[in-house]
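Report on the following structure.
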Amino acid sequence: MRNIFVRTWVEPRDIISPHWDGIFLFLRKDIEMAAELQNEYEQSELYRVRHSTAHVMAQAVLALFPEAKFAIGPAIQDGFYYDFDLPRPLTSDDLDLIEDKMKEIIKGRHVFTREVISAEQARHVFKNQPYKLELIDGLEQGGMDEDGNPIQEKPEISLYKSDTFVDLCRGPHVENMGKINPKAVKLMSVAGAYWRGDENRQMLQRIYGTAWLDPKDLKDYIWKLEEAKKRDHRRLGKDLDLYSVNDEVGAGLVLWHPKLGLMRKLAEHFCDEEHLKAGYDFVYSPHIGKASLWETSGHLGFYKENMYSPISVEGQDYFIKPMNCPFHVHIYKSGLKSYKDLPLRYAENGTVYRYERSGVLHGMMRVRGFTQDDAHHFCLPEQMPDEIDFVLDFSLHILRSFGFKEFKAYLSTKPEKSVGEPERWRDAEAALEEALKRAELPYEVDAGGGAFYGPKIDLKIKDAIGREWQLSTIQFDFNLPERFGLTYVGDDGQPHRPYMIHRALLGSLERFFGILIEHYAGAFPVWLSPTQATIIPIADRHNDYAHTIAKELQQYGLRISVDDRADRMNAKIRDAQKQKIPYMLIVGDAEMENHQVSLRLRSGDNPGAMALEAFREMALEAIANHTA
RNA sequence: GCCGCCGUAGCUCAGCUGGCAGAGCAACCGCCUUGUAAGUGGUAGGUCAUGGGUUCGAAUCCCAUCGGCGGCUCCA
């Protein structure tokens, strides 16, 4: 349970903009407060209400299923859950019944009482509850908490009783059920969950519920869920005709439709230019490589589960690439490198394929084939701190260009099992941390959380409704230079091993665009919008003028469409709104006469008539600056 | 992969305990010539995911497969 709250460090509702057009309200919150906030939550009345409501739910379930076996039932971010082992699958009707029963129980205003008992007594109380018995064993050994994670001290075993229900529980709870407002409680869903999260163990039924102090908070919460649903990239992907995933093509394989294709092109073009300016070299690599390549790289040893079956060609096995690194390494190796050549930065938007279990696929966010904006840096040991500074700055620059404003970094350090010399690890970790400090980025250290081949920085952004997404990753790699025997010739004429850094900024383009869609709720900034302005003639006699000014604007590189259908202006505005086109240019008799357009924004604002040139300048400026 | 739910027109969804496949929107063809979020009439559109089974008869019941959704586990 302890990790549930680290995902967001501010309640999403704190940062939702009241102006609902994807404006990101910038809130500076000290990241060190994360742990404190979690702690605060666990001591709050709300936390006790939720935890207590979980007990009430368990009592209700027991009333309906006397043979129910109980696992655990904690409070979580927006509510609570409880895992049960039940004789049959629950239906949504069951949820209604359970909820009704809960409200009945709550009305009794029963008191919660705590009692400390011995393990022996506890075993007697829960003799028919195998999951509780297992928990008691864990507690008694002092080795495990309710998730099976090791804990330091040996806790005392306590019971909580309320009405007819007794549970093994460390609390805390509300004094009595009068503190629970039945109108602020709602059961949300049923889902499968493995006992202790272990897929080799019993699958239980988890009921998710939400509970609040005030019914108004419940309403807000449900409203928020609906808002999140509205900006779901799968929903918008269909509505705006952005992408599809087709049965016959295969699950987890994304088809980019023209509008999103254009946006990707624009994004790639922008990034290419920035990479060029920043001193990157562009490389390309094939989609498959011989088995021996993946042997050498170690992927067949460490990554095989995520790789597709080999293709046999003339007796040789080839594998579809799950990563680009081995190819880039070979580009480095293709010629002798002098210390004067370094640093080298090889960039490629490389499309990789990874086997993902069907249950984890999710729109564009989690797919089986995706394109990484990948790059590998090779540098001298003494260049490494600057190289890290550079890549971190560059990363932030790119992310800011797409409109993200709030970042958080995670520094993952050396795990127990690792390759590479300890002093290289120390240098690299220090360089990463120094760079984070210089960049004045809030960060958390995940001690021992690095990959076996090197430490890393992950960058997360926060989207318009407060969710965190990991985009950039900057990873050291002590493994591949060893395995492939990479060297450069130093000023002493001797071969030396270079440092290698692997980085992706947007991560996967599929996932990145999924995130962008949700962040902007489909209302993309003008520079990315497939259609930047649509011209809406009021009547047929304005069509020629509409086409004339469209051509004029197109000459400045603006993406313009003309809605010359025989529909009413209102219908055209409605369609343009639904397509979230940034600018609507309404033209009628008055505009035609004065070489004007009447501007309407997708926000609903209506700046009104202006000279065509004035509009053009305004639009070009917004595009150049990547604003709204 | 596992647990539960689901798959009907381009989209959103009706279609009850088996008895001739429906609506709204979109599309297409007209009429209307319009001033800031839906003018109006008509036409066309479906192997009811796929394959098998039960039945006189299956969109409906059963089985399998493929996909989707919510979770678990994992992750870009």
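Throughout, a chain's letter reflects where its sequence line sits, starting with A, and its residues are numbered from 1.
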For atom [atom1] of [X] and atom [atom2] of [N], their distance in whole Å:
X	N	atom1	atom2	value
Q577(A)	C25(B)	CD	P	20 Å
D94(A)	C5(B)	CG	P	11 Å
K230(A)	C11(B)	NZ	C1'	18 Å
Y243(A)	G68(B)	OH	C1'	11 Å
D540(A)	G35(B)	CG	C1'	15 Å
L204(A)	U73(B)	CG	P	12 Å
D567(A)	G35(B)	CG	P	14 Å
Y194(A)	C2(B)	OH	P	8 Å

Given [options], the nucleotide with the shortest approach to the side chain of [X]:
X	options	answer
K238(A)	G35(B), C72(B), U12(B)	U12(B)
P89(A)	G4(B), A37(B), U73(B)	G4(B)
F370(A)	A76(B), A27(B), U12(B)	A76(B)
D589(A)	G35(B), C72(B), C11(B)	G35(B)
N570(A)	U34(B), A37(B), G1(B)	A37(B)
H362(A)	C72(B), G70(B), C2(B)	G70(B)
M569(A)	G71(B), G39(B), U34(B)	U34(B)
Y355(A)	G1(B), G68(B), C11(B)	G1(B)
I573(A)	G68(B), A37(B), G71(B)	A37(B)
V360(A)	G35(B), C72(B), G7(B)	C72(B)

What nucleic acid atoms does [X] come within less than 4.0 Å of, heavy atoms only: base, sugar-phosphate, or nothing?
X	value
V352(A)	nothing
A504(A)	nothing
G197(A)	sugar-phosphate
R235(A)	sugar-phosphate
E356(A)	base
A576(A)	nothing

Tell me whether the side-chain N/O atoms of [X] come closer than 4.0 Å to OP1 or OP2 in [N].
X	N	value
R568(A)	G39(B)	yes
R234(A)	G70(B)	yes
R600(A)	G35(B)	no
S358(A)	G1(B)	yes
R357(A)	C72(B)	no

Do [X] side-chain and [N] base share a donor-acceptor contact under 3.5 Å?
X	N	answer
R366(A)	C74(B)	yes
R368(A)	A76(B)	no
R574(A)	A38(B)	yes
E591(A)	G35(B)	yes

Need to verify one output field. Residue with the more 5' nearest nucleotide on RNA chain B, L599(A) or R354(A)?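 In this pair, the answer is L599(A).
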
Specify the residue among K456(A) and A539(A) whose closest nucleotide of RNA chain B lies further upstream toward the 5′ end.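 Between the two, 5'-proximity favours A539(A).
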
Centroid distance below 5.5 Å plus an interplanar angle below 30 degrees: do Y208(A) and G71(B) meet both conditions?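 Taking the rule of under 5.5 Å and under 30°, the ring of Y208(A) does not stack on G71(B).
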
Do the side chains of [X] and [Y] get close enough for a salt bridge, i.e. N-O under 4.0 angstrom?
X	Y	result
D458(A)	K460(A)	no
E227(A)	K224(A)	no
D94(A)	R88(A)	yes
R196(A)	D198(A)	no

Aromatic contact, [X] with [Y] (centres under 6.0 Å):
X	Y	result
H519(A)	F404(A)	yes
F302(A)	Y453(A)	no
F319(A)	Y303(A)	no

Treat a base pair as Watson-Crick or G-U wobble with both distances under 3.5 Å, then lay out RNA chain B in dot-bracket form, 5' to 3', with | for cross-strand pairs. (((((((..((((.....[..)))).(((((.......))))).....(((((..]....))))))))))))....

Can you tell me which residue among Y243(A), W256(A), W469(A) is in a ring-ring contact (aromatic ring centres under 6.0 Å, His included) with F513(A)?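 Only one option passes, and that is W256(A).
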
Relative to F80(A), does R50(A) satisfy both conditions: NZ or CZ under 6.0 angstrom from the six-membered ring centre, and within 45 degrees of the ring's axis?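 Verdict for F80(A): no cation-pi partner in R50(A).
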
With [atom1] as the reference atom in both, quote the distance from [N] to [M] in angstrom, rounded to an integer.
N	M	atom1	result
A49(B)	A9(B)	P	8 Å
U43(B)	U55(B)	P	42 Å
U54(B)	U60(B)	P	15 Å

Which pair of heavy atoms, one from E591(A) and one from S598(A), lies closest together, and at what distance?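 Nearest pair, atom of E591(A) first, then S598(A): OE2-CB, 3.3 Å.
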
